[in-house]
Amino acid sequence: MATQPPEFRGAALELQTAGQHEVMAAGPAETGKTFACVWRLDSELRRYPGAQAVLLRKVRADVFGTVLQTVTKVYERRAAAGFEIESYGGEHPEFYDYENGSRLWIAGIDRPGKALSSERDYVYVNQAEELSLADWETLSTRCTGRAGHVPQPMIFGDCNPREPHHWIKNRPSLRVLESRHRDNPTLYTPDGKLTEQGERTITILERLTGTRRARLYEGRWVSAEGTVYEFDASVHLIDPFSIPADWRRIRSIDFGYTNPFVCGWWAIDPDGRMYLYREIYRTPAHGRRPRAANQVALGWRAVCRHGR
Ligand SMILES: Nc1ncnc2c1ncn2[C@@H]1O[C@H](COP(=O)(O)OP(=O)(O)O)[C@@H](O)[C@H]1O
Ligand SMILES: [Mg+2]
């Protein structure tokens, strides 16, 4: 088993010493972003006794089997060099304890538990593109330095590209490090030749099509085909609630004969936020063209009266 420290290049190397409060490693799949983040996190926890860190994703259950495998890989490398770690919680650990009193908490935005019950020195977000800006900003207020075990508290993360409007691409206080396949020493040799693993991985990524190819192979921030703003169920779907009777309601309509026909029902809250609470969406492929406008409108009124 390897006892040498890993080799880091490009964004992964910069990430090891980046000192900004907010940092993100961004790029296509398998460039080594997660490995570099976990290594940095683990290094800081070893360096500063009593340091408290949180590792999280949008959904806690998604941590297991993904980023925690990378944590295990990093711990195995450290163990080979004589360092031990204790974990609590069996298969689904709640935290990992270090010999120097440092602790790594495991959480999700959906299940923060005790992990975010007080100030932390480091917050590491895996697949940060899944988070809303509000999630990120709230987390940033959990590591302002009050935990007090480290000189430079940080919130950092890794992400794959998403739509160009995504908050990660538009946040001035966030330092974004662009990670590339050549940064990963398991894929490319130092002089830029593909390794055997590299051949396998790149062949698979090259076969991706459309938006997935652009994002996960080419590392481009592009919108899903045909969309301007992307729908993401983890961000845009909220739990049902009863709409106060005094909120303004409007309908939007886009008549489509070639493109889909859409009518949306919206409620507007006192701050101007709009909630879509009902929709008709009909693609031409479904066969039936929308009825004449006046007939459709009668239909909506009926639905509206019925639904209120
Ligand atoms: N610097 C490195 N040294 C050793 N192995 C690495 C390094 N960077 C990445 N790897 C390995 O390459 C694979 C992909 O890395 P990962 O960090 O999961 O990629 P990403 O998060 O960018 O998709 C993992 O098996 C990881 O352990
Ligand atoms: Mg990753």
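Each ligand, and each atom within it, is numbered from 1 in the order the structure gives. All residue numbers refer to positions in the sequence shown, counting from 1. These figures come from a predicted structure and were not determined experimentally.
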**Numbered atoms of ligand 1 (with element) below 4.0 Å of Pro185, judged on heavy atoms** = 1 (N), 2 (C), 3 (N), 7 (C)
**Asked** Does a side chain donor of either Asn160 or Gln127 reach within less than 3.5 Å of an acceptor in the other side chain?
**Response** yes
**Item:** Asn184-Thr31 side chain donor-acceptor pair, cut-off 3.5 Å
**Value:** no
**Prompt:** Of the listed options (Arg77, Lys33, Gln127), which comes nearest to atom 22 (O) of ligand 1 when hydrogens are ignored and any heavy atom counts?
**Reply:** Lys33
**Message:** Whether Glu14 and Arg175 form a salt bridge (side-chain N of Lys/Arg under 4.0 Å from carboxylate O of Asp/Glu) is what I want to check.
**Reply:** yes
**Request:** For atom 13 (C) of ligand 1, find the nearest protein heavy atom and state the residue, atom name and distance (0.1 Å precision).
**Result:** Asn184 ND2, 3.9 Å
**Prompt:** Should Thr31 be listed as contacting ligand 1, given a heavy-atom distance under 4.0 Å as the test?
**Reply:** yes
**Nitrogen or oxygen of Thr70 less than 3.5 angstrom from that of ligand 1** = no
**Request:** Below 4.0 angstrom from a heavy atom of Glu30, which ligand 1 atoms are there? Numbered from 1 as shown, please.
**Result:** 14 (C), 19 (O), 20 (P), 22 (O), 23 (O)
**Asked** Nearest protein heavy-atom contact for atom 1 (N) of ligand 1: which residue, which atom, what distance?
**Response** Glu7 O, 2.8 Å
**Geometric class of the Tyr75/Tyr98 ring pair [parallel <30°, tilted 30-60°, perpendicular >60°]** = perpendicular
**Message:** Salt bridge or not between Asp110 and Lys58? Use side-chain N to carboxylate O under 4.0 Å.
**Reply:** no
**Asked** At their closest point, which heavy atom of Val176 faces which heavy atom of Ile168, and how far apart are they?
**Response** CG2-O, 3.7 Å
**Message:** Does any N or O of ligand 1 fall below 3.5 Å from an N or O anywhere on Gly32, backbone included?
**Reply:** yes
**Residue portion contacting ligand 1 (non-hydrogen atoms closer than 4.0 Å) for Arg9** = neither
**Item:** Residue Arg146 excluded, over 12 heavy atoms near CZ under 6.0 Å
**Value:** no
**Item:** Nearest-contact summary for atom 17 (O) of ligand 1 - protein heavy atom, Å
**Value:** Phe35 N, 2.8 Å
**Request:** Could you tell me whether the side chain of Ser102 and the main chain of Gly50 form a donor-acceptor pair under 3.5 Å?
**Result:** yes
**Prompt:** From Thr34, does some N, O or S atom reach closer than 2.8 Å to the Mg ion (ligand 2)?
**Reply:** yes
**Item:** Heteroatom proximity flag, Ala36 to ligand 1, N/O under 3.5 Å
**Value:** no
**Complete:** ligand 1 atoms nearer than 4.0 angstrom to some heavy atom of Phe8 are 1 (N)
**Message:** Distance under 4.0 Å to a non-hydrogen atom of Thr34: what atoms of ligand 1 satisfy this?
**Reply:** 17 (O), 21 (O)
**Message:** Between Trp105 and Gln52, is there a side-chain donor-acceptor contact under 3.5 Å, judged purely by atom types and distance?
**Reply:** yes
**Asked** Should the ring pair Tyr88 and Phe95 be called parallel, tilted or perpendicular, given that the plane angle runs from 0 to 90° and is split at 30 and 60?
**Response** tilted
**Prompt:** For atom 25 (O) of ligand 1, which protein heavy atom lies nearest, and how many Å away is it?
**Reply:** Lys73 NZ, 2.7 Å
